[in-house]
Amino acid sequence: QVQLVESGGGLVQAGGSLRLSCAASGRTFSSYAMGWFRQAPGKEREFVAAIRWNGGSTNYADSVKGRFTISRDNAKNTIALQMNSLKPEDTAVYYCAAQRDRATWYSSFYYLSSRYDYWGQGTQVTVSS
C-alpha cells in the first residue's frame, strides 16, 4: 500500500514557475515508477510526466516537454515536478500516481492512467494570462 500526498500548487502568472511535490508513504517506494497527471475542468485526465523506479529514465507529454522536469528522491520517498514557462492551458488539478508493474514501463504504457495503482488527492495549479 502506498499513500501519496501532493503539495505546491497555487496561482501563478503566465511565464512563471511552480514546483509540485509528492510525498509517498511505504517502504517500497523505490519499487514504483511514478507519474504526474493533470485534469482540467471538463476534460479527461492526461499524462504529464513519468519517471522510472530508479530515476534512470523519464518521459514527458509533448505539451510540457522542455518546460517541465520530473525528479525523484528515493531516500526521501518524494517526487517533484518543476514547471517553468507556465501557460494558461497548464491550469488543472495535478495528481501524482504510482505503479509497480515494470512491464508497463518497458512496454511504454506509462502514459495510461489505468496502469497506475495508487493516486494522490491532487493539487490545483492555476495559471493566469
Side-chain angles (χ1 to χ4, degrees):
Q1 186 81 7
V2 176
Q3 292 184 326
L4 304 171
V5 179
E6 302 96 336
S7 61
L11 174 64
V12 64
Q13 288 189 332
S17 298
L18 277 177
R19 184 178 178 85
L20 305 183
S21 296
C22 176
S25 66
R27 295 178 293 176
T28 59
F29 175 73
S30 60
S31 300
Y32 289 83
M34 300 295 294
W36 285 99
F37 289 76
R38 66 186 182 187
Q39 188 166 18
K43 294 188 177 181
E44 293 188 353
R45 190 170 298 187
E46 66 173 1
F47 170 74
V48 175
I51 187 166
R52 205 165 65 174
W53 44 92
N54 62 358
S57 179
T58 58
N59 290 281
Y60 298 91
D62 287 343
S63 59
V64 307
K65 201 171 293 184
R67 300 188 297 124
F68 291 10
T69 302
I70 187 172
S71 60
R72 70 187 296 159
D73 185 339
N74 284 346
K76 296 182 178 180
N77 279 19
T78 59
I79 67 168
L81 185 69
Q82 178 66 41
M83 306 185 294
N84 298 328
S85 302
L86 283 162
K87 305 175 181 179
E89 50 264 44
D90 294 319
T91 295
V93 177
Y94 283 70
Y95 300 88
C96 71
Q99 65 95 4
R100 195 167 186 175
D101 180 13
R102 298 196 174 187
T104 293
W105 189 273
Y106 291 127
S107 58
S108 299
F109 288 142
Y110 44 78
Y111 63 92
L112 294 176
S113 60
S114 60
R115 294 292 185 126
Y116 287 76
D117 304 300
Y118 302 102
W119 292 83
Q121 83 289 348
T123 185
Q124 176 71 48
V125 172
T126 303
V127 184
S128 64
S129 57

> Counting N and O atoms only, with roles assigned by atom type, does the side chain of Glu6 sit under 3.5 Å from a partner on the main chain of Cys96, one being a donor and the other an acceptor?
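Looks like yes, one N/O pair under 3.5 Å.
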> Are Val12 and Val64 connected in the hydrophobic side-chain network, where two residues link if heavy atoms are under 4.5 Å apart?
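Yes; Val64 is reachable from Val12 via cluster members.
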> Between Tyr106 and Trp53, is the gap from one ring center to the other below 6.0 Å?
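Tyr106 vs Trp53: aromatic centres under 6.0 Å.
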> If you take all heavy atoms of Val127 and Thr91, which pair is closest and at what distance?
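Closest approach of Val127 to Thr91: N-OG1, 2.9 Å.
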> Would you give the length of the straight line joining atom CD of Gln82 to atom CG of Leu20, rounded to the nearest 0.5 angstrom?
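Rounded to the nearest 0.5 Å, the CD-CG separation comes to 9.0 Å.
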> Mark yes or no for whether Asn74, through its side chain, and Asn54, through its backbone, hold a donor-acceptor pair below 3.5 Å.
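No, the answer is negative, given that no donor and acceptor are paired below the 3.5 Å cut-off.
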> Atom OG1 of Thr104 and atom OH of Tyr110: how far apart are they, to the nearest 0.5 Å?
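Here the rounded value is 11.5 Å.
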> Using the salt bridge (Lys or Arg N to Asp or Glu O under 4.0 Å) rule, collect all pairs that involve residues 88-104, keeping only residues at least two apart or in two chains.
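Applying salt bridge (Lys or Arg N to Asp or Glu O under 4.0 Å) to every pair that reaches into residues 88-104, excluding sequence neighbours, yields Arg38-Asp90, Arg67-Asp90.
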> Could you give the distance from OG (Ser57) to CZ (Arg52), rounded to the nearest 0.5 Å?
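If I round to the nearest 0.5 Å, the distance is 5.5 Å.
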> Any idea which heavy atoms bring Ser17 and Asn84 closest together, and the distance?
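Smallest heavy-atom distance, with atoms named: OG-OD1, 2.9 Å.
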> Determine whether Arg45 and Trp119 make a side-chain contact, defined as any pair of heavy atoms from C-beta on separated by less than 4.5 Å.
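Touching, per the 4.5 Å side-chain cut-off.
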> Heavy-atom distance under 4.5 Å between the side chains of Cys22 and Leu4, does that happen here?
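Contact flag for Cys22/Leu4 side chains = yes.
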> Are Tyr60 and Trp105 linked, directly or through intermediate hydrophobic residues, by side-chain heavy-atom contacts shorter than 4.5 Å (ILVMFWY only)?
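Hydrophobic grouping puts Trp105 apart from Tyr60.
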> State whether Phe29 and Arg72 meet the cation-pi test: NZ (Lys) or CZ (Arg) under 6.0 Å from the six-membered ring centroid, and within 45° of the perpendicular axis.
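Yes; both conditions hold, so Arg72 lies above the ring face of Phe29.
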> About how many Å separate OG1 of Thr58 and CE of Met34, when rounded to the nearest 0.5 Å?
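Here the interatomic distance stands at 14.5 Å.
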> First locate atom CD of Gln13, then atom OG1 of Thr126, and finally report the distance between them rounded to the nearest 0.5 Å.
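Between Gln13 CD and Thr126 OG1, I get 13.0 Å after rounding to 0.5 Å.
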> Hey, can you tell me if Phe47 and Tyr111 have their rings parallel, tilted or perpendicular (30° and 60° cut-offs)?
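Answer is perpendicular, since the angle exceeds 60°.
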> Taking atom OH of Tyr95 and atom CD of Gln39, what is their separation to the nearest 0.5 Å?
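One finds 5.5 Å between OH of Tyr95 and CD of Gln39.
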> Check Tyr116 against Leu112 and note the closest heavy-atom contact, atom names and distance.
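That would be CD1-O, 3.3 Å.
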> Tell me whether Ile79 shares a hydrophobic cluster with Phe37, the cluster being built from Ile, Leu, Val, Met, Phe, Trp, Tyr side chains joined at under 4.5 Å.
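Ile79 does not cluster with Phe37.
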> Could you pull out the closest heavy-atom pair between Ser129 and Pro88, with the gap in Å?
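Closest heavy-atom pair between Ser129 and Pro88: CB-CG, 3.8 Å.
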> Could you pull out the closest heavy-atom pair between Val125 and Leu18, with the gap in Å?
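Reported closest heavy-atom pair: CG1-CD1, 3.9 Å.
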